[in-house]
Chemist: 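Questions regarding the structure given below will be posed in turn.
Here the structure is a predicted model, which means the values were calculated and not measured. Residue numbers run from 1 in the order of the sequence given.
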Amino acid sequence: MRKLLTIVLMMFVLSGCNDSKPAGDDGKIGFASQMTRALINNAEDLQQQELRLCGAYTLYGRTARVFDSERLYYNAEIQAWDYDIPQYWIMNASYRFAAVCPYSITYSFADDTGISTIASYTSHTGAPDLLFAVAERDLTSSEDYSTVPLYFRHACAGVQFNLINASSQVLKDVRNIRLVGLQNRGDFSFDTNGSVAWELDGSTIGDSDTEQPFGGICTLPSGGLPVNLNVKHPLYDEGVLMVLPQTIYKTPVTLHLEYIKEGDAEYAVRNIELGWLGGSTPTEWKRGEKYEYNLTITDNTITAEVIVVDWVENFVDL
């Protein structure tokens, strides 16, 4: 009886192994390397990052995890994305994959639904470009064992502030910069069916917050910012700020700054409510869009206008 049971177990193990593609037949699950058009400017920049990969497969009605927060990194030797523990395609299985960038982001992945959740994400000055990607592969009716392309999309919105000095004096200094009144914490979820959602917790950055999560500095050129309409200087040294998608129309999302020009006796204090600029002002910051605010300083005041910059949203190739 013991010998019979052993034979049955061996047959079961062998039959399971036969469902996998052999390693010598390009059976390892791989991920394609292509160009990127994300805020990370090119493929080489993205290759310096490490991605966090999750995935599951379903076979004969049962679902199991295949990648559990696996580190996906660019291997220069093989010129492709790689990971440490090889996984091989299983015939007749269907797969779901999800990935986020940067690797430091921790998220949960539901094997049965493919829903990924990034909980209590907090944005701040200098926060990275939060990217996410999903992919599916159905082997129940095909034998497609090719590499899997991951198309990354933006989870946040990009905001940039530029200074233009149109006064008759050199702009000497800008200080006490802070962005207040916006929400910077919430949960982000996405799935392989294309559903994407942010759920903000309702808390806002106040004017008296000690840490000032959206405070910044402005290093002007040597000698100050000259009187030249062709000179455009980013207000924040970080350049582009990553903010959570949210409504800004008639809300107290305010850019506070103080500046002084050559010959001025004291700093001018300005509070610019970004939802009240008039004209074609966006009513909300949308995921995957970038907003460029041009702040023009004249002799007596400062004016602001905003444009939506072409920031490819649909699919960002890895």
Side-chain angles (χ1 to χ4, degrees), residues 36-41 45-46 49 100-102 104-105 118 120-132 152-164 174-186 188 198 200-201 203-207 209-220 225 232-249 251-259 270-277 281-297 302 304-313 316:
T36 176
R37 294 174 295 181
L39 189 58
I40 301 172
N41 293 318
D45 285 350
L46 186 59
Q49 307 291 321
V100 297
C101 178
S104 58
I105 299 298
I118 300 174
S120 299
Y121 178 80
T122 302
S123 59
H124 54 85
T125 299
D129 187 5
L130 179 59
L131 303 173
F132 68 101
F152 275 82
R153 291 177 285 171
H154 302 283
C156 296
V159 177
Q160 180 173 342
F161 296 96
N162 300 316
L163 277 178
I164 302 172
V174 181
R175 70 178 189 185
N176 202 8
I177 306 167
R178 58 185 185 271
L179 192 60
V180 299
L182 80 165
Q183 301 183 59
N184 74 322
R185 189 170 62 243
F188 177 63
W198 274 103
L200 306 187
D201 67 3
S203 62
T204 60
I205 298 174
D207 187 63
D209 286 350
T210 56
E211 295 183 0
Q212 288 298 334
F214 272 97
I217 59 174
C218 180
T219 304
L220 295 179
L225 188 62
K232 186 182 292 185
H233 180 79
L235 178 60
Y236 283 85
D237 281 359
E238 287 77 10
V240 178
L241 302 174
M242 307 306 301
V243 299
L244 303 190
Q246 59 194 276
T247 301
I248 62 169
Y249 179 60
T251 60
V253 180
T254 301
L255 174 67
H256 172 92
L257 72 155
E258 301 171 9
Y259 64 88
R270 295 289 182 264
N271 290 286
I272 302 170
E273 294 186 359
L274 302 180
W276 287 85
L277 297 183
T281 301
T283 59
E284 60 181 321
W285 287 330
K286 298 180 180 180
R287 178 186 59 80
E289 291 189 352
K290 179 182 174 184
Y291 304 89
E292 186 170 311
Y293 289 83
N294 293 325
L295 312 175
T296 302
I297 296 178
I302 181 171
E305 64 175 359
V306 58
I307 59 174
V308 180
V309 180
D310 183 18
W311 193 30
V312 178
E313 140 64 9
V316 180

Chemist: Could you give me the CA-CA distance, side-chain angles and deciding distance for Arg178 and Asn176, then say whether side chain to side chain contact (heavy atoms under 4.5 Å, CB included) is met?
Modeler: CA-CA 6 Å; Arg178 58 185 185 271; Asn176 202 8; 2.8 Å; yes
Chemist: Report the residues that fulfil side-chain hydrogen bond (donor to acceptor under 3.5 Å, both in side chains) with Arg175, sequence neighbours left out, ordered by chain and then residue number.
Modeler: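 Checked Arg175 against side-chain hydrogen bond (donor to acceptor under 3.5 Å, both in side chains); matches are Glu258.
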Chemist: Do Asn271 and Thr254 have a side chain donor and acceptor closer than 3.5 Å?
Modeler: no
Chemist: Can you measure from OH (Tyr293) to CD1 (Ile272) and round to the nearest 0.5 angstrom?
Modeler: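 Interatomic distance, Tyr293 OH to Ile272 CD1, rounded to 0.5 Å: 10.5 Å.
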Chemist: CG of Leu244 to CZ of Phe188: how many Å apart, nearest 0.5 Å?
Modeler: 10.5 Å
Chemist: According to side-chain hydrogen bond (donor to acceptor under 3.5 Å, both in side chains), who are the partners of Tyr259, at least two apart in sequence or on a separate chain?
Modeler: none
Chemist: Sort out for me which residue in Tyr236, Phe214, Trp285 forms a side-chain contact (heavy atoms from CB on, under 4.5 Å) with Val159.
Modeler: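 For Val159, the side-chain contact (heavy atoms from CB on, under 4.5 Å) check succeeds only for Trp285.
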Chemist: To the nearest 0.5 angstrom, please state how far the CG atom of Leu235 sits from the CG atom of Leu179.
Modeler: 10.0 Å
Chemist: How far apart are the closest heavy atoms of Leu295 and Ala304, and which atoms are they?
Modeler: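 The answer is CD2-CB, 3.5 Å.
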Chemist: Testing the basics here: between Pro102 and Asp129, what is the closest heavy-atom pair and its distance to 0.1 Å?
Modeler: CD-O, 4.1 Å
Chemist: Within this structure, what is the SG-CD1 distance for the pair Cys218 and Ile177, rounded to the nearest 0.5 Å?
Modeler: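 It comes to 5.0 Å.
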Chemist: Kindly give the heavy-atom pair with the smallest separation between Lys232 and Glu292, and that separation in Å.
Modeler: NZ-OE2, 3.6 Å
Chemist: Can you give me the closest heavy-atom contact between Thr247 and Thr283, atom names plus distance?
Modeler: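 Thr247 and Thr283 have their closest heavy atoms at CG2-O, 3.5 Å.
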Chemist: Is there side-chain contact between Leu130 and Ile118, with heavy atoms separated by less than 4.5 Å?
Modeler: yes
Chemist: Do His256 and Val180 have side chains that approach each other closer than 4.5 Å (heavy atoms only, starting at C-beta)?
Modeler: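 Of all side-chain heavy-atom pairs linking Val180 with His256, none is under 4.5 Å.
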Chemist: Just to verify, what does Asp201 make a salt bridge (Lys or Arg N to Asp or Glu O under 4.0 Å) with, not counting sequence neighbours?
Modeler: Arg185
Chemist: Just wondering, do Gln246 and Leu182 contact through their side chains at under 4.5 Å, heavy atoms?
Modeler: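 Side-chain contact under 4.5 Å: yes.
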Chemist: How far apart are the closest heavy atoms of Leu200 and Pro245, and which atoms are they?
Modeler: CD1-O, 3.5 Å
Chemist: With rounding to the nearest 0.5 Å, note down the distance linking CD1 in Ile248 to CD in Glu284.
Modeler: 8.5 Å
Chemist: Restricting to non-hydrogen atoms, name the atom on Tyr291 and the atom on Lys286 that form the minimum distance, rounded to 0.1 Å.
Modeler: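 Closest pair (atom of Tyr291, atom of Lys286, distance): OH-N, 2.9 Å.
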Chemist: Using a 3.5 Å distance criterion without hydrogens, assess whether the side chain of Trp198 forms a donor-acceptor pair with backbone atoms of Cys156.
Modeler: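 Absent.
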Chemist: From Tyr121 OH over to Met242 CE, what is the distance, rounded to the nearest 0.5 angstrom?
Modeler: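 Reported to 0.5 Å precision, the distance equals 7.0 Å.
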